[in-house]
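This report concerns only the one structure given below.
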Amino acid sequence: MTAAQERDYNEFSRIWCIPFCTDKLDFSKVFGNSNPVTIEIGFGMGTATAEIAEANPGSNYLGIEVHKPGVGRLLGEINRRKLRNLYIVPYDALEVLENMVPDSSVRAFHIFFPDPWPKKKHHKRRLVQRPHTDLLSRKLIPEGYIYMVTDWQEYAEYALQELADTPGLQNRYRGFAEHQKWRPQTKFEAKGIAAEHSISELYFIRQDNAYERII
């Protein structure tokens with residue numbers, strides 16, 4: 001951690017970080033309103049997260065990240081931008097979703113440039129695959145969406161199939177999604193473009209009728 005990240009973590013984590021627990025969150029109490037909630041899984045250094053939250057004050061955002069320097073950096077951004085619609089849970093995403101997030105409570109999941117775990121023996125560690133995607137689907141409200149972006153083509157194709165095979169989810173596009181102009185470019189994206197990697201975007205929506213048929 002840099003000195004600034006450590007300072008911001010120590011000063012602001014008690015305000016904007018939510019400790020892991022096994023009780024379901026009441027988002028209306030966390031944010032003080034009933035605005036829709038978007039969860040970003042693995043926000044890295046959090047710059048894009050802060051930009052999106054600042055541009056959408058009528059929406060609430062929950063960032064999940066275990067990388068302490070990134071948490072410290074985002075806490076500094078929350079303070080600098082005077083954001084009141086963004087909190088952080090510094091813990092493993094799957095455990096947070098399973099234990100803390102109520103079913104049918106999330107408007108969207110943002111997953112920007114997750115670790116592709118490129119070696120085949122490590123594919124089991126990937127976030128966007130079943131049954132993890134079943135869990136994400138269960139947490140979404142009807143018409144809620146999962147939006148994933150990656151610069152790893154093999155992972156993009158793999159995730160596209162895993163999401164397509166997830167009951168309750170429907171692809172908004174025919175194949176990969178078009179670029180969502182409201183999403184800020186991340187440092188990972190800039191590095192991927194510099195390395196001449198193609199950027200793939202996936203956008204799946206929870207269809208209520210399809211979901212109801214499987215429960």
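These figures come from a predicted structure and were not determined experimentally. Counting from 1, the numbers follow the sequence of the chain as shown.
If you chain together hydrophobic residues whose side chains sit under 4.5 Å apart, L136 and Y158 fall into the same group. Under a hydrophobic-cluster definition in which Ile, Leu, Val, Met, Phe, Trp and Tyr are linked whenever side-chain heavy atoms come within less than 4.5 Å, directly or via other members, I52 and V30 are assigned to the same cluster.
Listed by chain and residue number, nothing satisfies the side chain to side chain donor-acceptor pair (under 3.5 Å) test with E95 (two or more places apart in sequence, or in another chain). For F12, there are no ring pair (Phe, Tyr, Trp, His ring centres under 6.0 Å) partners, not counting sequence neighbours. Applying the side chain to side chain donor-acceptor pair (under 3.5 Å) criterion to D26, with sequence neighbours excluded, gives S28. Not counting sequence neighbours, the partners of Y145 by the side chain to side chain donor-acceptor pair (under 3.5 Å) test are H110. Considering only residues two or more places apart in sequence or on other chains, N85 meets the side chain to side chain donor-acceptor pair (under 3.5 Å) condition with none of them.
Checked against a 6.0 Å centroid threshold, the rings of F112 and Y147 count as neighbours.
A cation-pi arrangement, defined by a distance under 6.0 Å to the six-membered ring centre and an angle within 45 degrees of its axis, is present between K68 and Y9. Cation-pi geometry between R125 and W117 is met: the NZ or CZ atom falls under 6.0 Å from the ring centre, inside 45° of the normal.
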Donor-acceptor pairs under 3.5 angstrom involving side-chain atoms of residues 163-170: please list them, not counting sequence neighbours.
residue	atom	partner	partner atom	Å
D165	OD1	Q161	NE2	3.0
D165	OD2	Q161	NE2	3.2
T166	OG1	T133	OG1	2.7
T166	OG1	E162	O	2.7

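Checked by atom type, the side-chain pair N79/D8 shows no donor-acceptor distance below 3.5 Å. A side-chain donor from one of T38 and R107 sits under 3.5 Å from a side-chain acceptor of the other. Counted by atom type alone, S200 and Q153 present one or more donor-acceptor pairs between their side chains at under 3.5 Å. Side chain to side chain, R7 and T2 fail the donor-acceptor criterion of an N or O pair below 3.5 Å.
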Worked check of ring-ring contact (aromatic ring centres under 6.0 Å, His included) between F31 and Y87: CA-CA 8 Å; F31 294 98; Y87 282 83; 5.4 Å; yes
Steps toward side chain to side chain donor-acceptor pair (under 3.5 Å) verdict (Y203, Q180): CA-CA 9 Å; Y203 197 116; Q180 307 300 303; 5.1 Å; no
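Heavy atoms only, all atoms of each residue included: F176 and L202 are closest at CD2-CG, 4.0 Å.
One finds the CD1 atom of I199 at 8.0 Å from the CD atom of E201 (value rounded to the nearest 0.5 Å). To the nearest 0.5 Å, atoms NZ (K24) and OG (S105) are separated by 9.5 Å. To the nearest 0.5 Å, the span separating NZ on K187 from CD on E189 amounts to 14.0 Å. Distance check: T49 OG1 to L83 CG gives 10.5 Å after rounding to the nearest 0.5 Å. The distance from the CD1 atom of I18 to the OG atom of S13 is 12.5 Å, given to the nearest 0.5 Å.
Ion pairing between a basic and an acidic side chain is recognised when a charged N comes within 4.0 Å of a carboxylate O; E98 and R138 show such pairing. In this structure, R183 does not pair ionically with E178, as no charged nitrogen and carboxylate oxygen lie closer than 4.0 Å.
For R80, the CZ atom is densely surrounded, since the number of other residues' heavy atoms within 6.0 Å is greater than 12. More than 12 heavy atoms of other shown residues, nucleotides or ligands fall within 6.0 angstrom of atom CD in E143.
Remark: the backbone N or O of P102 is not paired with any side-chain donor or acceptor of K139 at under 3.5 angstrom. Side-chain atoms of D92 come within 3.5 Å of backbone atoms of L94 as a donor-acceptor pair (strictly under, hydrogens ignored).
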